[in-house]
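Here's the structure we're looking at; comments come further down.
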Number of protein chains: 2
Amino acid sequence: MTAEPLDRPARRHDPERRQRIVEAAIGVIAEHGVAGTTHRLVAAAADVPLGSMTYHFTGLDDLLAQAFAVHAERMAVTYEAHFADVRSRDDVVEAVTDLVHGHAGADDRDWAVSYELYLAALRDPALRTVTETWMRRSRSVLEQFVDATTARGVDGLIEGLVMHKVLSTGPVSRAETHEIIARAVRPTTEGAAQ
Amino acid sequence: MTAEPLDRPARRHDPERRQRIVEAAIGVIAEHGVAGTTHRLVAAAADVPLGSMTYHFTGLDDLLAQAFAVHAERMAVTYEAHFADVRSRDDVVEAVTDLVHGHAGADDRDWAVSYELYLAALRDPALRTVTETWMRRSRSVLEQFVDATTARGVDGLIEGLVMHKVLSTGPVSRAETHEIIARAVRPTTEGAAQ
DNA sequence: CATCGCTGTGTACGGTCGTACACATGCCCG
DNA sequence: CGGGCATGTGTACGACCGTACACAGCGATG
């Protein structure tokens with residue numbers, strides 16, 4: 001019985017194939033790392049023939065670059081959305097704490113891909129534009145609520161705390177994270193006081 | 001001591017070969033990343049025959065693990081030495097700022113290896129002990145001068161700021177870094193004051 | 001000094017990779 | 001309705017990888 005007349009021989013002309021391949025690539029990166037990402041693995045994950053890889057992309061570097069670009073864009077959007085309802089300084093602290101503890105849109109898997117991107121960008125200047133844009137955007141979000149210097153501090157803090165949390169085997173105290181963030185956010189440029 | 005009669009045909013029995021291979025491996029990781037680290041490349045860098053690789057190490061994983069262990073140990077020693085003369089809280093701020101800006105014993109290359117380690121540890125639990133030990137030691141150093149929570153904050157801050165600095169194409173303001181660190185270090189557990 | 005055994009090495013094998021490219025396929029136009 | 005052509009794919013090639021392993025060379029031993 002043929003429910004679908006077109007089925008076996010070849011899936012001709014599906015226009016979203018490129019995107020599906022890129023999505024599959026992100027998944028493969030998350031699971032196997034950049035080092036373990038191969039044409040064949042991505043092709044299998046996207047359920048497309050191997051030949052599609054070189055047809056749609058000039059090479060593996062091209063595919064990786066596009067995958068990272070999509071991932072970074074998605075992370076930036078998630079990041080911005082996470083701070084959409086923030087009003088007060090206390091909200092910032094809360095939002096950042098949630099971010100670090102994975103209660104925003106991003107999970108450990110997403111962060112792993114981000115770190116793959118960082119490391120890849122360290123060696124491939126072509127990826128710097130992606131990381132550069134991503135960092136500028138994340139900092140811009142924070143600068144809506146705090147001064148530029150504090151924004152850089154909090155941004156760096158997020159990066160480091162998340163990395164340590166991801167690598168840590170034991171649990172990480174949320175209250176402590178909250179306290180740390182609060183200290184970083186508190187003072188503006190003018191002297192302490194409280 | 002004689003002037004070394006052994007030279008041409010084969011370098012038999014040099015007892016530090018293992019160590020030299022490990023050192024070469026660290027260099028290769030720094031230059032090509034874990035993904036680009038191969039037996040042949042390391043062998044060439046250490047100027048030993050390919051056969052020595054499987055003779056001295058059970059496999060590539062073993063070699064990488066040992067290389068990372070040595071690197072982490074060296075980083076920890078550097079870290080501790082860098083804080084040896086620290087006395088006051090202001091000294092801490094100064095020391096951390098220097099650390100972030102590469103004026104301690106560690107340069108960008110060393111940090112790159114560290115990030116390779118982090119990412120590798122993310123996927124290989126066997127490397128977790130190395131990262132775990134390294135993080136415990138670095139935090140212990142800071143805890144000599146500040147409370148545990150602050151230590152975790154500063155530790156994370158260092159990680160994030162260095163990563164951002166390494167990835168940043170433009171210059172990073174040292175004064176700003178100093179300011180950020182100072183904020184993170186200032187208050188102990190008791191209420192603000194200044 | 002002859003022999004044995006162990007330390008160390010050259011080489012080869014099976015496997016996987018990226019990539020190119022000849023060819024099948026279905027659409028469109030005349 | 002039939003042929004030309006752009007789109008898409010199966011397959012094969014050369015390169016490089018990790019690893020095993022038969023063997024070469026030296027030092028110790030009797």
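Keep in mind it's a predicted model, so treat the numbers as computed, not measured. Here is how names work: the chains are called A, B, and so on, in the same order as the sequence lines, proteins then strands, and each is numbered from 1.
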Query raised in the report: Between C:dG8 atom C1' and B:I21 atom CD1, what is the distance in whole Å?
Result: 11 Å
Query raised in the report: Atom CE of B:M53 to atom P of C:dG8: distance rounded to whole Å?
Result: 13 Å
Report task. With sequence neighbours left out, write down each residue that passes side chain to side chain contact (heavy atoms under 4.5 Å, CB included) with A:D91, or none if nothing qualifies. Result -> A:V86, A:R87, A:S88
Query - ring-ring contact (aromatic ring centres under 6.0 Å, His included) contacts in which one or both residues fall within residues 86-126 of chain B, not counting sequence neighbours - result: B:Y115-B:Y118
Requested in this report: Write down the distance between CZ (A:R17) and P (D:dT7), rounded to a whole number of angstrom.
Outcome: 14 Å
**Report entry** Pairs satisfying ring-ring contact (aromatic ring centres under 6.0 Å, His included), at least one member in residues 34-61 of chain A, at least two apart
**Finding:** none
Query raised in the report: Please give, in whole Å, the distance from D:dG8 C1' to A:D47 CG?
Result: 15 Å
Requested in this report: Determine which pairs satisfy ring-ring contact (aromatic ring centres under 6.0 Å, His included) with at least one residue from residues 58-88 of chain B, sequence neighbours left out, and list them in order.
Outcome: B:Y79-B:F83, B:Y79-B:W134
Query - Rounded distance (Å) that lies between atom P of C:dC23 and atom OH of A:Y55 - result: 19 Å
Query raised in the report: OP1, OP2 of C:dT9 versus side-chain N and O of B:S52: anything below 4.0 Å?
Result: yes
Requested in this report: Please list all pairs passing the ring-ring contact (aromatic ring centres under 6.0 Å, His included) test where one or both residues lie in residues 141-181 of chain A, with sequence neighbours left out.
Outcome: none
Query - Value in whole Å for how far the P atom of C:dT9 lies from CZ of B:R18 - result: 14 Å
Requested in this report: Would you kindly say whether A:T149 and B:R183 are connected by a side-chain donor-acceptor distance under 3.5 Å?
Outcome: no
Heteroatom pairs (N/O) under 3.5 angstrom, protein to nucleotides 15-18 of chain C:
from: C:dG18; atom 1: OP1; to: A:H39; atom 2: N; distance (Å): 3.4
from: C:dG18; atom 1: OP2; to: A:H39; atom 2: N; distance (Å): 3.0
from: C:dG18; atom 1: N7; to: A:R40; atom 2: NH2; distance (Å): 2.5
from: C:dG18; atom 1: O6; to: A:R40; atom 2: NH2; distance (Å): 2.9

Query raised in the report: How long is the line joining NE2 of A:H56 and C1' of D:dT7, in whole Å?
Result: 9 Å
